[in-house]
Protein chains: 2
Amino acid sequence: MAEILVSMRYDGPERTIAERAYRLLREDIISGALAPGLKLKIEMLRARYGLGAAPIREALARLSSDHLVKLEGQRGCEVVPMSVRDARDIGNMRKLLEVEALRISIRNGGDEWENALAAAFHRLERLERTIDQGIGDLAEWESLNHQFHKALVAACDSEWLLRMRQLMFDQHERYRRLSRVKTVATRDISLEHRALFEAALDRNAEKAVTVMETHIGRTTDAVLQSFAPGERALAR
Amino acid sequence: MAEILVSMRYDGPERTIAERAYRLLREDIISGALAPGLKLKIEMLRARYGLGAAPIREALARLSSDHLVKLEGQRGCEVVPMSVRDARDIGNMRKLLEVEALRISIRNGGDEWENALAAAFHRLERLERTIDQGIGDLAEWESLNHQFHKALVAACDSEWLLRMRQLMFDQHERYRRLSRVKTVATRDISLEHRALFEAALDRNAEKAVTVMETHIGRTTDAVLQSFAPGERALAR
DNA sequence: GATCCTCAAAATATCGATATTTTTATTGAC
DNA sequence: GTCAATAAAAATATCGATATTTTGAGGATC
């Protein structure tokens with residue numbers, strides 16, 4: 001069986017069914033397709049994805065270490081619930097890590113980094129213009145936004161910092177998606193992206209950090225705002 | 001089968017064999033009993049722990065998200081290798097997170113926190129005196145040291161920060177164990193613990209942070225020295 | 001009416017066997 | 001002697017079935 005797998009964020013070939021299960025579950029949790037607090041019964045997942053029980057169990061085990069599912073011995077597992085408190089916590093942690101990685105990246109980045117960053121920024125800005133006109137693809141924006149932020153910190157030489165930054169980025173994305181931040185004007189965000197880009201190329205770390213903190217804070221605020229009224233429903 | 005499980009860091013009852021496998025493997029990797037780079041063959045682990053293959057696979061999956069084992073599709077898995085670069089990275093990250101958690105904890109801590117901290121410090125100091133006399137138990141020291149550091153940051157209200165701090169603490173411990181830091185005089189470390197304790201109770205965050213940075217840096221240096229004699233930790 | 005049993009139904013966790021893939025060893029050609 | 005092709009061995013990944021545990025409904029007791 002040689003099935004071609006397509007993924008928005010293709011990350012190397014999947015050699016096992018367990019890896020595929022991991023990716024599928026991960027995407028469905030982050031995108032919100034599997035709601036926070038939802039009980040994840042093996043039989044239900046087997047039917048949903050058409051996979052065996054063993055690979056699914058393995059995927060759930062990995063996701064529990066990623067803190068996307070809660071695994072309770074003999075009592076099955078559920079999608080980790082969301083809360084205002086958690087959203088705030090994640091926002092703060094993302095700030096801390098993203099800013100640190102950005103500082104290092106700006107200090108270390110060479111020509112190659114600048115070029116990749118410019119390319120990522122260009123792609124993102126082009127799409128943001130079409131979104132302003134109401135014809136852009138939101139999933140595509142998520143992807144390019146992700147790539148731009150990754151390009152910003154790509155020259156950071158701390159693997160652990162990048163790993164944790166990524167973890168917080170993904171967790172933050174889950175909240176962003178849930179609260180449908182698309183209603184917030186993209187124009188502001190687009191301007192922030194440009195400011196980030198220019199500060200980075202100018203090697204103006206302090207300026208970049210300030211913008212980044214505003215940028216993340218704004219996103220978190222939007223999440224919290226659309227979250228607070230209906231908190232009860234989300235907490236299960 | 002009602003077997004009593006004893007663990008140095010007992011963390012609630014284990015309801016499944018998979019959880020036990022996870023704990024056992026985790027301890028053996030951190031303690032160095034399973035050497036870095038070692039190929040982890042299922043059959044070998046089955047024999048070692050007397051457990052079935054399924055729970056072991058599940059444990060390995062979780063450990064791969066903890067970055068203690070590397071899982072490569074269809075090619076088995078191995079204990080994550082160690083390197084000078086990684087040791088330095090972990091030391092820096094531990095500094096960043098521990099210091100941040102400490103600041104918050106000192107700001108938020110109440111009476112209850114002070115009491116628990118004093119108790120943890122007292123237990124640790126008492127043991128350190130016996131170790132100075134050459135009659136102390138090193139495993140016991142690991143445990144009390146762990147508890148003291150945990151008590152310091154216990155009043156931090158960011159779950160994510162505490163989670164990541166713990167991750168780095170464990171990773172750091174793995175390096176500390178490998179390099180047998182016991183040869184380093186415990187007297188200095190003991191003095192640092194006292195300084196940390198007093199600064200925390202004085203609510204002198206800046207002082208506490210300075211001591212903590214020295215404390216972690218010293219440990220990292222010791223690790224690096226016994227790892228690659230000659231090479232030195234460079235300020236990042 | 002509330003609390004405590006008991007028993008059946010559902011779900012989870014684990015085992016043993018099998019299919020698939022990778023690794024190792026062997027052979028034959030150049 | 002080296003390389004390539006191939007066959008055998010080992011290891012991994014997955015499935016299907018079974019054992020164990022939890023959950024929930026219905027009745028008996030206070």
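Numbers restart at 1 for each chain; the letters A, B, ... are given by sequence-line order, proteins then strands.
Here A/Arg75 pairs with A/Glu72, B/Arg15 under the side chain to side chain contact (heavy atoms under 4.5 Å, CB included) rule; sequence neighbours left out. The salt bridge (Lys or Arg N to Asp or Glu O under 4.0 Å) search around A/Arg57 returns B/Glu58, not counting sequence neighbours. The side-chain hydrogen bond (donor to acceptor under 3.5 Å, both in side chains) search around A/Ser64 returns none, not counting sequence neighbours. Residues satisfying the salt bridge (Lys or Arg N to Asp or Glu O under 4.0 Å) test with B/Arg46, not counting sequence neighbours, are B/Glu43. Remark: B/Arg94 pairs with B/Glu98, B/His172 by the side-chain hydrogen bond (donor to acceptor under 3.5 Å, both in side chains) rule, at least two apart or across chains.
The number of heavy atoms from other shown groups lying within 6.0 Å of CZ (A/Arg163) is above 12.
Atom pair B/Glu19:CD and D/dT21:P shows a separation of 13 Å (rounding to whole Å applied). Following rounding to the nearest Å, A/Ile42 (CD1) and D/dT21 (C1') show an atom-to-atom distance of 15 Å. Summarising the geometry, the separation between NZ on A/Lys39 and P on C/dA10 is reported as 14 Å, rounded to the nearest angstrom. Counting to the nearest Å, the P atom of D/dG16 and the CG atom of A/Leu51 are 13 Å from each other. Nucleotide D/dA13 holds its P atom 16 Å from the OH atom of A/Tyr22, rounded to whole Å. Atom CZ in A/Arg46 sits roughly 11 Å away from atom C1' in D/dT14 (whole-Å rounding). To the nearest angstrom, P of D/dT14 lies 5 Å from CD1 of A/Ile17. Note: NZ (B/Lys41) to P (D/dA9) measures 17 Å, nearest angstrom.
Across the interface with DNA chain C, nearest-nucleotide mapping of B/Gln74 and A/Cys77 shows A/Cys77 to be the residue nearer the 5′ end. If A/Arg75 and B/Gly76 are placed on DNA chain D by their nearest nucleotide, the residue sitting closer to the 5' end is B/Gly76. Residue whose closest nucleotide on DNA chain C sits further toward the 5' end, between A/Leu71 and B/Gly73: A/Leu71.
Among the protein residues, B/Leu40 comes within range of the sugar-phosphate backbone only, with heavy atoms under 4.0 Å from sugar or phosphate atoms but none that close to a base. Across all strands, B/Arg57 comes closer than 4.0 Å to base atoms (heavy-atom distances).
Direction of the helix axis in the helix from C/dG1-D/dC30 to C/dC30-D/dG1 shifts by 20° between the two five-pair termini, rounded to 10°.
B/Arg26 has a carboxylate O that lies under 4.0 Å from a charged side-chain N of B/Asp170, or vice versa, which qualifies the two as a salt bridge.
OP1 or OP2 of C/dT20 has not a single side-chain nitrogen or oxygen of A/Arg15 nearer than 4.0 Å.
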